[in-house]
Amino acid sequence: MIGSATSNGHVSITGIGCHAPERVMTNDELAKIVETSNDWIVERTGIKERRVASADEALSDISLPAAKEALEHAGVEAGAVDLVIVATVTPDMAFPSTAAILADQLGAKDAAAYDLSAGCTGFVYAIAQAHGMVSAGLANRALVVGGDILSKIVDWEDRATCVLFGDGAGAVVVERVPEGGFLGFELGADGSGGPQLYIPAGGSRAPASAETIAGRQHYARMNGREVFKFATRVLVESAEKVLDSCGVPVEDVDVYVPHQANVRIIDHARKKLGIPAERTVVNVDRYGNTSSGSIPLALADAEADGRLRPGELVLMTGMGAGLTWGSALIEWTANGKVGS
Ligand code: UT7
């Protein structure tokens with residue numbers, strides 16, 4: 001568990017952007033591929049449609065427009081970015097990192113760049129890292145992308161998983177600001193839960209072979225009921241811990257941005273925490289679960305709707321493969337900056 005409050009100046013999100021593949025796949029289309037129905041998917045998950053990448057679309061392709069939008073929103077030139085973190089479980093390839101590919105495409109010359117793997121919690125871990133690097137003076141301007149192309153790693157013959165996931169990416173710029181910004185983080189992991197959500201092959205444990213391919217071992221496998229129980233518990237616990245460590249009562253949270261996995265999980269968490277529905281951002285109905293893309297896509301939606309106003313307290317909590325969880329509390333800022 002990591003709990004921290006910003007002590008070394010103020011660091012905030014100063015720009016935000018997002019991008020999802022054009023192709024929309026509805027539940028009715030899915031019902032033609034596997035034995036399912038629109039009614040089952042909507043009732044059990046709240047998902048109505050998701051975006052699906054084309055055959056030649058990789059993570060960097062959807063991250064680039066999101067990153068450009070975030071930089072433009074922040075009024076930052078790519079050349080001024082000195083740290084690029086891409087949180088994902090679906091990089092373009094094992095290496096080089098998608099962050100290095102993206103930094104090159106953007107023109108973030110000489111920026112440190114790496115990918116971060118923390119399942120669906122990746123974006124929250126990544127903004128915590130960016131915050132730490134910027135507040136410690138190790139970086140001046142960080143670009144953080146959370147994104148995944150899960151459609152390429154789900155088993156399209158497994159109705160228990162393929163209906164849940166989608167593709168998308170969001171990006172933020174993290175830098176110093178005169179006031180407001182991040183108040184605290186709470187991060188954690190329980191590796192004993194790893195087998196509840198994993199891809200059996202393709203790494204050094206079980207490299208790709210004719211057998212692993214025949215056994216469909218390169219696709220994500222999930223114990224949905226166990227992950228559901230874990231999710232409902234940690235979304236509440238992690239949020240309570242970060243609020244507690246920052247001395248902020250839950251009533252002061254203006255905007256709640258939980259991981260977008262399932263409307264039932266979101267409703268359970270917000271009710272238990274005591275956050276009204278109108279303060280909760282939900283877009284899982286349009287995107288499904290986009291893993292690391294989920295929270296930044298929801299943040300970008302809230303920003304576009306005018307729901308993120310300077311001075312408001314925004315609470316984000318993610319959970320996912322690892323099993324991991326993480327929360328961030330931020331006092332939202334307009335893109336006023338300090339320093340150079
Ligand atoms: O980012 C973290 C990633 N994962 C998650 O957050 C997922 C967490 N888990 C969940 O959201 C839920 O567990 C699911 C949505 C995956 C499943 O909902 P559930 O209410 O837990 O359903 P269940 O697994 O208990 O399955 C109920 C029934 C089963 O049939 P039987 O055994 O009762 O006859 C399933 O075979 O629903 C069946 N089922 C389906 N039926 C129609 C499972 N998937 C489907 C489907 N369409 N797509």
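Just follow the structure's listing: the first ligand is 1, and inside any ligand the first atom is 1.
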Could you tell me which atoms of ligand 1, counted from 1 in the order shown, lie closer than 4.0 angstrom to a heavy atom of [X]?
X	answer
Arg44	19 (P), 20 (O), 22 (O), 27 (C)
Arg264	18 (O), 20 (O)
Ala261	6 (O)
Asn262	10 (C), 11 (O), 15 (C)
Thr36	42 (C), 46 (C), 47 (N), 48 (N)

Candidate list Val281, Thr317, Val124, Asn283, test side chain to side chain contact (heavy atoms under 4.5 Å, CB included), partner Val257, passing option: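 Output: one option passes, namely Val281.
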
Qualifying residue for side chain to side chain contact (heavy atoms under 4.5 Å, CB included) with Phe230, from Met319, Arg225, Gln196: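 Of the listed residues Met319, Arg225, Gln196, the side chain to side chain contact (heavy atoms under 4.5 Å, CB included) partner of Phe230 is Met319.
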
Salt bridge Asp254-Arg309, side-chain N to carboxylate O under 4.0 Å: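 Here Asp254 does not pair with Arg309 in a salt bridge, since their nearest N and O are not under 4.0 Å apart.
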
Carboxylate-amine/guanidinium contact Arg23 Glu29, below 4.0 Å: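 Yes, this pair counts.
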
From CD (Glu251) to CG (Leu243), nearest 0.5 Å: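 Here the interatomic distance stands at 9.5 Å.
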
Flag [atom] as yes if some protein heavy-atom distance to it falls below 4.0 Å, otherwise no.
atom	value
atom 37 (O) of ligand 1	yes
atom 29 (C) of ligand 1	no
atom 41 (N) of ligand 1	yes

Residue part near ligand 1, for Trp40, under 4.0 Å between non-hydrogen atoms: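 The side chain, only.
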
Nearest neighbour of atom 23 (P) of ligand 1 from the list Arg159, Met222, Arg225, Glu35, on a heavy-atom basis: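 Among Arg159, Met222, Arg225, Glu35, the closest heavy atom to atom 23 (P) of ligand 1 belongs to Arg225.
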
Give the residue, atom name and distance (to 0.1 Å) of the protein heavy atom nearest [atom].
atom	answer
atom 5 (C) of ligand 1	Val227 CG1, 3.7 Å
atom 9 (N) of ligand 1	Gly224 O, 3.0 Å
atom 3 (C) of ligand 1	Asn289 ND2, 3.5 Å
atom 16 (C) of ligand 1	Leu164 CD1, 3.8 Å
atom 12 (C) of ligand 1	Phe228 CD1, 3.8 Å

Test item, Ala231 contacting ligand 1 (heavy atom, 4.0 angstrom):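 Ala231: no contact with ligand 1 (<4.0 Å).
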
Any Ile265 heavy atom less than 4.0 Å to ligand 1: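 Flag set, Ile265 near ligand 1.
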
Geometric class of the Phe185/His131 ring pair [parallel <30°, tilted 30-60°, perpendicular >60°]: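 Rings of His131 and Phe185: tilted, as their planes differ by 30° to 60°.
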
Residues Arg50, Asn27; criterion side-chain hydrogen bond (donor to acceptor under 3.5 Å, both in side chains); working and verdict: CA-CA 8 Å; Arg50 73 283 298 138; Asn27 292 343; 2.9 Å; yes

Any N/O pair Thr45/ligand 1 closer than 3.5 Å: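 Among all N and O atoms of Thr45, none is under 3.5 Å from an N or O of ligand 1.
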
Within-cut-off N or O pair, Val163 and ligand 1, under 3.5 Å: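 No; the residue has no nitrogen or oxygen that sits under 3.5 Å from a nitrogen or oxygen of the ligand.
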
4.5 Å side-chain heavy-atom contact, Leu235 and Trp325: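 No; the side chains remain at least 4.5 Å from each other.
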
Minimum side-chain heavy-atom gap Phe123-Leu116 below 4.5 Å: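 In short, these two side chains do not touch, never coming nearer than 4.5 Å.
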
Working for side chain to side chain contact (heavy atoms under 4.5 Å, CB included), residues Leu30 and Met25: CA-CA 7 Å; Leu30 268 167; Met25 184 182 274; 4.0 Å; yes

Cluster overlap Val34 with Val24, hydrophobic side-chain contacts below 4.5 Å: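 No, separate clusters.
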
Audit row: Asp148, Thr88, side-chain hydrogen bond (donor to acceptor under 3.5 Å, both in side chains) steps and yes/no: CA-CA 6 Å; Asp148 271 299; Thr88 189; 2.8 Å; yes

